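Remarks on the structure that follows.
Predicted model, so just to flag it, every value in this text is computed and none were measured.
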2 protein chains.
Amino acid sequence: MNQQDYSRAAGGAAIGARLRRLSENLDADSVRVYAALGISFEQRWFGVLNQLVIKGSATVGELATTLRITHVSVSQTRQSLEKAGMVTSEFDPVDARKKKIMLTAAGKKLVAELQPIWAAFDQAALELNAEAGDVVASLNKLDDALDRQSIFDRIMNCVGKQ
Amino acid sequence: MNQQDYSRAAGGAAIGARLRRLSENLDADSVRVYAALGISFEQRWFGVLNQLVIKGSATVGELATTLRITHVSVSQTRQSLEKAGMVTSEFDPVDARKKKIMLTAAGKKLVAELQPIWAAFDQAALELNAEAGDVVASLNKLDDALDRQSIFDRIMNCVGKQ
DNA sequence: CTAGTATTCGTAGGCGCCTACGCAAATGTC
DNA sequence: GACATTTGCGTAGGCGCCTACGAATACTAG
């Protein structure tokens, strides 16, 4: 057996830990990439920054919905980006509860620097996906399966049947 | 397009976020399961507890290696388990640097209660895996591919080629 | 035996995300 | 117009994991 023994052997209850470890490894390597290229970029910025490039501007709530994370997380990312001078925000004149976020000049410059790196990510992801027998397709199916019935429901059913 | 649009469309740099979200969903549902069944159990205990069942006892370093996490994380989990009265620990008489961890009576009782739930997890995971077109096999291949060449190396290669 | 090195575990603080909760602005109801 | 409800965003604190660093014990040369 190889070094993935534990993850591969420990059964269903360990799958969460396995995915977490995988995502943390990806994040850690991403951080190394940005550091190696001398670009000051935090991993958590990606989603928001990427969306701002696409949409031009967006509110906290819109970003949360699109990125499928909480508005709290978006709010924290906004603060981080704002502190770093990459975005600015202003209250919507029509609805003062909403806060619109947009790129600054520095933010646009950063994004421009990031484009080739993100392209490299895409390329590497395609390679890896091919080597892994289209793991992305499997993840899509997994997401769909979880939409049909949550893990919670599935487990409670199994427990009930015992 | 469905609600996974963003993750599915945002390319390679978002795959980490996607996996993180997936693992967090799994963890969250697991917490709900234990809560619904009235069992006081923390998700991070799983790896250590599971290994102690298998091995009887183990040191911090051994657990870290087997679980493929840092000794720091194991140390923190040990403290949590010890505080909850599920394990005890003692220094190895032969090598006083090592700390041996073992289940208490309460810990063994907890593990006994958990067995049917972990079995349900296994069952649910098998179902899900079947629905997702053997996502576990793909993850195994992905781990193998990353062993061959890290994400970091792959991306730096791509960046260099541009 | 002693000095330097390696091993083992711990604390401090950070990551990106989360839930719980609070506040202010907008909306609906009477 | 007054009041409750809903909506949008924020703070506080927690999750499981991490890196950086430090302390104590064991090992290795000379």
Side-chain angles (χ1 to χ4, degrees), chain A residues 7 13-32 34-35 41-49 58-65 67-83 89-101, chain B residues 7 13-32 34-35 41-49 58-65 67-83 89-101:
Chain A
S7 292
I15 184 75
R18 176 175 195 175
L19 290 172
R20 192 185 317 116
R21 186 162 54 73
L22 195 50
S23 71
E24 281 171 1
N25 285 347
L26 290 174
D27 279 357
D29 265 31
S30 302
V31 168
R32 287 174 60 206
Y34 296 116
F41 175 75
E42 297 180 26
Q43 190 58 22
R44 64 173 159 171
W45 290 354
F46 176 78
V48 168
L49 232 41
T59 67
V60 172
E62 287 166 6
L63 290 170
T65 302
L67 301 175
R68 290 175 54 90
I69 57 180
T70 61
H71 78 270
V72 177
S73 183
V74 173
S75 178
Q76 290 168 341
T77 302
R78 176 193 63 73
Q79 289 176 53
S80 169
L81 278 165
E82 209 155 326
K83 197 172 172 185
S89 59
E90 56 187 32
F91 288 107
D92 186 327
V94 178
D95 185 341
R97 292 170 307 181
K98 297 184 181 175
K99 182 169 268 184
K100 205 164 71 174
I101 307 173
Chain B
S7 293
I15 185 75
R18 177 175 195 173
L19 290 172
R20 192 185 318 116
R21 187 162 53 74
L22 196 49
S23 71
E24 281 171 359
N25 286 346
L26 289 174
D27 279 358
D29 265 30
S30 303
V31 169
R32 286 174 62 205
Y34 296 115
F41 175 76
E42 295 180 26
Q43 191 59 22
R44 64 173 159 172
W45 290 353
F46 177 78
V48 169
L49 232 39
T59 68
V60 172
E62 287 166 5
L63 290 170
T65 302
L67 300 175
R68 289 172 57 87
I69 56 180
T70 62
H71 77 271
V72 177
S73 184
V74 173
S75 177
Q76 290 167 342
T77 302
R78 176 193 63 73
Q79 290 176 53
S80 170
L81 278 164
E82 209 155 327
K83 198 173 173 185
S89 59
E90 57 187 31
F91 288 108
D92 186 327
V94 177
D95 186 340
R97 291 170 306 180
K98 296 183 182 176
K99 183 169 266 183
K100 205 163 73 173
I101 307 173

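Contacts of B:N25 classified as side chain to side chain donor-acceptor pair (under 3.5 Å), with partners at least two apart in sequence or in another chain: none. Residues passing the side-chain contact (heavy atoms from CB on, under 4.5 Å) test with A:V72 are A:T70, A:Q76, sequence neighbours excluded. In this view, B:D92 satisfies the salt bridge (Lys or Arg N to Asp or Glu O under 4.0 Å) rule with no residue, not counting sequence neighbours. In terms of the ring-ring contact (aromatic ring centres under 6.0 Å, His included) criterion, residue partners of A:F41 (sequence neighbours excluded) are, by chain and number, A:Y34, A:W45. Shown here are the side-chain contact (heavy atoms from CB on, under 4.5 Å) partners of A:R32, two or more places apart in sequence or in another chain: A:D29, B:F152. Taking the salt bridge (Lys or Arg N to Asp or Glu O under 4.0 Å) definition, one finds that A:E42 meets it with A:R44, sequence neighbours left out. In this structure B:I69 satisfies the side-chain contact (heavy atoms from CB on, under 4.5 Å) test together with B:L67, B:S73, B:V74, sequence neighbours excluded. Take A:Q79 and apply the side-chain contact (heavy atoms from CB on, under 4.5 Å) test, not counting sequence neighbours, and it matches A:S75. Under the rule for a salt bridge (Lys or Arg N to Asp or Glu O under 4.0 Å), the partners of B:E82 that lie at least two apart in sequence or sit in another chain are B:R78.
In terms of heavy atoms, B:S23 sits closest to A:G16 at CB-O, 3.5 Å.
For the segment residues 74-81 of chain A, residues with any heavy atom less than 4.0 angstrom from an atom of DNA chain D are, sorted by number, A:S75, A:Q76, A:R78, A:Q79.
The distance from atom OG1 of B:T65 to atom NE2 of B:H71, rounded to the nearest 0.5 Å, is 11.0 Å.
The span of DNA chain C lying next to chain A, judged by atoms under 4.0 Å from heavy atoms, is bounded 5' to 3' by C:dG16 to C:dA26.
One can place CZ of B:F91 at 9 Å from P of D:dT25, the figure rounded to the nearest angstrom. In this structure, A:I101 atom CD1 and D:dG8 atom C1' are separated by 12 Å, rounded to whole Å.
Along DNA chain D, the nucleotide closest to B:V72 and the one closest to B:V94 are compared, and the more 5′ of them pairs with B:V72. Map A:D95 and A:Q43 each onto its nearest nucleotide of DNA chain C; the residue landing nearer the 5' end is A:Q43. Position along DNA chain C of the nearest nucleotide to A:R97 versus A:D27 favours A:D27 as the more 5'-ward residue.
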For nucleotides 2-4 of chain D, give me every protein contact, N/O to N/O, under 3.5 Å, one pair per line with atom names.
none

